[in-house]
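Written below as structure tokens is the structure these notes are about.
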Amino acid sequence: MTTKTILRALAGETLPTPPIWMMRQAGRYLPEYRATRAQAGDFLSLCYNSDLAAEVTLQPIRRFGFDAAILFADILLLPQALGADLWFETGEGPRLSTITTMEGVRALKPKDAIHDKLAPIYETVRILSRELPAQTTLIGFAGAPWTVATYMIAGRGTKDQGPAHALKSTDRATFSTLIDVITEATIDYLSMQVQAGAEVVKLFDSWAGSLKGQDFTDFAVKPTARIISALKAKHPGLPVIAFPREAGDGYIGFAAATGADCVAIDNSVTPEWAAEHVQVSGCVQGNLAPHHMVTGGDDLVRETLRVVKAFRKGPHIFNLGHGITPDANPDNVALMIETVRGA
Ligand code: CP3
């Protein structure tokens with residue numbers, strides 16, 4: 001029987017105090033992160049430097065004592081390993097070479113060829129599994145195929161995922177083939193993270209909310225279900241967290257439809273709604289609004305207690321509804337943790 005609280009919650013146990021970690025917990029709001037990133041040179045160099053990536057993963061664990069550490073990497077490293085060009089424009093975000101034709105999809109590398117480029121990521125996982133405190137769970141991750149495809153098709157982040165929706169309607173065959181290529185590569189990428197020591201994996205579908213109706217089933221639910229069943233076949237008992245961000249009603253039944261052990265909830269829905277409609281079928285993670293890490297004060301304490309209370313009757317991992325932002329104040333993170341643990 002494991003004593004790690006995150007693993008207990010993922011196994012369906014209702015704990016008196018929810019375990020806690022935070023999306024983007026290693027990030028620019030921490031001065032020690034900014035110093036290590038400067039040492040690495042830039043963000044991508046940091047991702048591929050196993051020692052420094054492990055160091056920034058450990059920084060929020062040392063400072064705050066979170067119950068889980070998430071591997072420091074990025075969802076766009078997989079498209080890069082498949083052959084896409086990737087760079088980050090300072091102050092703007094990621095840029096990639098675009099893929100909008102079947103020739104473009106066919107020109108991607110076969111999935112067996114991704115591991116050379118990704119070897120430093122597996123090494124980061126191995127370092128972390130040696131160095132993390134005994135009670136801290138190590139989470140590996142990847143982007144879900146739809147979200148990764150939106151960046152590969154548009155070559156950048158987009159507000160409405162327009163280019164990906166356009167390809168989906170004008171050239172369904174190319175779009176579906178791209179989704180399949182990402183899906184199969186993601187299985188191998190996550191499987192290697194697990195072999196290196198990741199104890200849980202999380203799939204980030206940040207743009208799931210823009211898929212509606214049958215598209216949500218075909219491109220959010222089905223690829224996630226395929227990845228989870230393949231991973232669990234290779235790694236029996238592996239817990240998986242799925243994050244179909246802004247899925248709204250799509251959160252209902254998502255765990256059952258995909259085989260996920262936990263559904264991460266964003267802050268566009270209330271914790272009371274999520275407890276009633278999603279937590280009834282298993283563990284949930286979430287869902288404090290990230291802006292409280294900027295604004296702090298009584299609002300932070302009240303809303304933190306509200307999330308804890310709403311999810312108290314079932315398995316829950318406390319988290320934000322999305323990543324912490326660079327303008328956040330680390331003191332507010334400490335206050336949130338103190339509030340959760342003292343509740
Ligand atoms: O959560 C963690 O601490 C683990 C590491 C992690 C990062 N990105 C580090 C990162 C994880 C899990 C991600 C996931 C990710 N990356 C997603 C899905 C989750 C989400 O936020 O919706 C997406 C869409 C990406 C792609 C990406 N990476 C974007 C759009 C950006 C630019 C936006 C920004 O915040 O600057 C990144 C850069 C990035 N990834 C940073 C970090 C810490 C900031 C880079 C820096 O230090 O300059």
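Source: prediction; values computed, not measured. Atoms within each ligand, like the ligands themselves, are counted from 1 in listed order.
At least one heavy atom of His322 sits less than 4.0 Å from an atom of ligand 1. The closest approach between any non-hydrogen atom of Gly157 and ligand 1 is not below 4.0 Å. In this structure, Pro60 falls outside the shell of residues with a heavy atom less than 4.0 angstrom from ligand 1. Residue contacts with ligand 1: Pro94 is included, with a non-hydrogen atom under 4.0 Å away. A heavy-atom separation below 4.0 Å is found between Phe88 and ligand 1.
Proximity of Leu71 to ligand 1, defined as any heavy-atom pair under 4.0 Å, is confined to the backbone N, CA, C and O atoms. With a 4.0 Å cut-off on non-hydrogen atoms, Pro326 does not touch ligand 1 at all. Only the backbone of Gln25 comes within 4.0 Å of ligand 1, counting heavy atoms alone; no side-chain atom from C-beta on gets that close.
For ligand 1, the polar-atom distance check against Trp207 finds no nitrogen or oxygen pair separated by under 3.5 Å. Considering backbone and side-chain atoms together, Arg37 places an N or O closer than 3.5 Å to an N or O of ligand 1. Checked by distance only, ligand 1 and Arg28 come closer than 3.5 Å through their nitrogen or oxygen atoms. Ligand 1 has an N or O atom lying under 3.5 Å from an N or O atom of Asp74, backbone or side chain. Residue Arg245 places no N or O, backbone or side chain, under 3.5 Å from any N or O of ligand 1.
Taking the six-membered ring for Trp, Phe66 and Phe318 have ring centres at least 6.0 Å apart.
Side chains of Thr325 and Met293 form no contact here, defined as non-hydrogen atoms less than 4.5 Å apart. In this structure, Asp261 and Lys232 have side chains that are in contact, with non-hydrogen atoms separated by less than 4.5 Å.
Of the protein's heavy atoms, Ala73 O, 3.6 Å lies nearest to atom 5 (C) of ligand 1. Atom 1 (O) of ligand 1 has its closest protein heavy atom at Arg24 N, 2.7 Å.
The two residues Gly321 and Phe243 come nearest to each other via the heavy atoms O-CZ, 3.3 Å.
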Donor-acceptor pairs under 3.5 Å, side chain of residues 78-87 to any protein atom, not counting sequence neighbours: which ones?
from: Gln80; atom 1: OE1; to: Tyr48; atom 2: OH; distance (Å): 2.4
from: Trp87; atom 1: NE1; to: Glu89; atom 2: OE2; distance (Å): 3.0

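With no hydrogens or angles considered, a side-chain donor-acceptor pair links His165 and Ser210 at under 3.5 Å.
Grouped with Leu238 in one hydrophobic cluster are Ile187, Leu190, Val194, Val201, Leu203, Ile227, Ile228, Leu231, Val240, the linkage being side-chain heavy-atom contacts under 4.5 Å among Ile, Leu, Val, Met, Phe, Trp and Tyr residues.
Residues Glu123 and Arg126 are paired through a salt bridge, judged by an N-O separation under 4.0 Å between the basic side chain and the carboxylate.
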